[in-house]
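This report concerns only the one structure given below.
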2 protein chains.
Amino acid sequence: MHEALFRHIEKFTNLEPSEIDTLESCLQLSKVKKKEHLLQEGQICNTMYFVVKGCLRQYIINTKGSEQTLQFGIENWWITDLLSYHNHTPSNFYIQAVENSEVIAIEKPTLEALLIQIPKLERYFRIVSQKSFGAMQMRIKFLFTMSAEERYHHFNNQFPEFVQRVPQYMLASYLDFSAEFMSKIRAGKL
Amino acid sequence: MHEALFRHIEKFTNLEPSEIDTLESCLQLSKVKKKEHLLQEGQICNTMYFVVKGCLRQYIINTKGSEQTLQFGIENWWITDLLSYHNHTPSNFYIQAVENSEVIAIEKPTLEALLIQIPKLERYFRIVSQKSFGAMQMRIKFLFTMSAEERYHHFNNQFPEFVQRVPQYMLASYLDFSAEFMSKIRAGKL
DNA sequence: CTCATTTCTTGAAGTAGTTCAAGTTTTTTA
DNA sequence: TAAAAAACTTGAACTACTTCAAGAAATGAG
């Protein structure tokens, strides 16, 4: 049922069959329709989402009322608001499906119990979150050192398939420039 | 000897006296002089640094040859290049002392061994890195939604003491604007 | 205390990006 | 398969910031 997640966990730590059973019994796969929200600003985020299939995004609505995507989550990524999750504070973010997707949603009490029953999961989540933090550091580096055009080309080189997969205006805001500017970059009109 | 770190760990998990002993025996405090480097670009980052006293920063040298601070680390923060650490790849960053500082430096083999001997440390590092990731998400939000002036005032409200502690030009680059612009913001000349 | 170094300030000129508004194309839905 | 909705394009006007250059102030080292 949840092979995708098991395979991901096995990359970082080896589970016993009994542990797989325990885990299996706590998980359920849910379908999320395109544009459906898993988290809204102001809610307390109590759930971690593992993307089995499809694409989610985390976004905010800025002071001008327009959406800015801060993060995408595709297959084998976790997505959640970790600050709201840990501190029980209202979230600053929306989490929404960009495509029809399938996710494993784990509620905090379930996960807390699992982490106690299967301490290896502590290791798994440690490594995953340390790597994500490392990736975020690189992201900040790119935001700081590259021009809008460089960011676009760099992203397009690294993830050409992904660029086709999401609306341009979402990617533009993720790369921190306007949709109009992206259009001009792509047309080579500068 | 290393109370600062023990106190920090105890916030997230409770260590047995024997575990404290084990840990104690693996740690050593080192002094770092202002401007001294703990990591240089191109090196493989093999060490995690816990700041006991003082202030470190992670920075890059951009294409124009000037320094840009990506992260500060003060008392009770860990600082390292987690991507280089996990992937054994050359680091993109410098880590340098901003003030004369004291750090606990843990080498990767030591830490790996400790995580096996004291599994509770997996939990500690998981929570710390998840919270750091959450903080990074907020940082990106601020970078995306606030003007330079707003970022300065917001930071200055949140961390007034810290603003006094580091050179203005370092803080300016951390907030992603020029030192000259910072000077004008502070003078109210806009 | 004094000289050298580092940090901060100021103004003028330039630019990488935004915003707006309108039109076009593509995708979705019924 | 038509109509509606969503996504993309284009150009013109604007602006938030950068860059440069030079001087002033603060800090540090011997």
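Being a predicted model, the structure only gives us computed values, none of them experimental. Labels below follow one simple rule: chain letters A, B, ... track the order of the sequence lines, proteins then strands, and each chain is numbered from 1.
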Exercise. Do you see a donor-acceptor pair shorter than 3.5 Å between the side chains of A:Glu107 and A:Thr47?
Worked result: yes

Problem set entry | Pair A:Phe133 + B:Phe133: ring centers closer than 6.0 Å |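 No, the ring centres sit 6.0 Å or more apart.
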
Exercise. What do you reckon, are the aromatic ring centroids of B:Tyr124 and B:His8 less than 6.0 Å apart?
Worked result: yes

Problem set entry | Test item: B:Lys11 and B:Val128 side chains (from C-beta on) under 4.5 Å apart, heavy atoms | no

Exercise. Cation over ring, A:Arg165 on A:Phe162, under 6.0 Å and within 45°?
Worked result: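 So A:Arg165 doesn't make the cation-pi contact.
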
Problem set entry | Test: B:Arg139 cationic atom under 6.0 Å from B:Phe142 six-membered ring centre, within 45° of axis | no

For this session: By nearest nucleotide on DNA chain C, pick out whichever of B:Lys35 and B:Arg186 is the more 5' one.
Result: B:Lys35

Exercise. Taking all non-hydrogen atoms of both residues, which atom of A:Asn76 and which atom of A:Ala4 are closest, and how far apart?
Worked result: OD1-O, 3.9 Å

Exercise. Shortest non-hydrogen contact from A:Gly73 to A:Val51?
Worked result: O-CG2, 3.8 Å

Problem set entry | Strand-adjacent residues in residues 161-175 of chain B, judged by heavy atoms under 4.0 Å from DNA chain D | none

Between [N] ([atom2]) and [X] ([atom1]): distance, integer Å:
X: B:Lys33; N: D:dG28; atom1: NZ; atom2: P; value: 15 Å
X: A:Asn100; N: C:dT27; atom1: CG; atom2: P; value: 16 Å
X: B:Phe144; N: C:dT18; atom1: CZ; atom2: C1'; value: 15 Å

For this session: May I ask you to decide if the ring planes of B:Phe155 and B:Phe159 are parallel, tilted or perpendicular, using 30° and 60° as cut-offs?
Result: tilted

Problem set entry | Base-contact (B) and sugar-phosphate-only (S) positions in nucleotides 10-21 of chain D, heavy-atom cut-off under 4.0 Å, - elsewhere | BBB----SBBB-

Exercise. Hey, mind stepping through A:Lys141 and B:Asn92 against side chain to side chain donor-acceptor pair (under 3.5 Å) and telling me if it holds?
Worked result: CA-CA 9 Å; A:Lys141 173 182 160 157; B:Asn92 286 269; 3.0 Å; yes

Exercise. For the helix from C:dC1-D:dG30 to C:dA30-D:dT1, what is the angle between the axes at its two ends, each from 5 pairs, rounded to 10°?
Worked result: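 One end's axis against the other's: 70°.
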
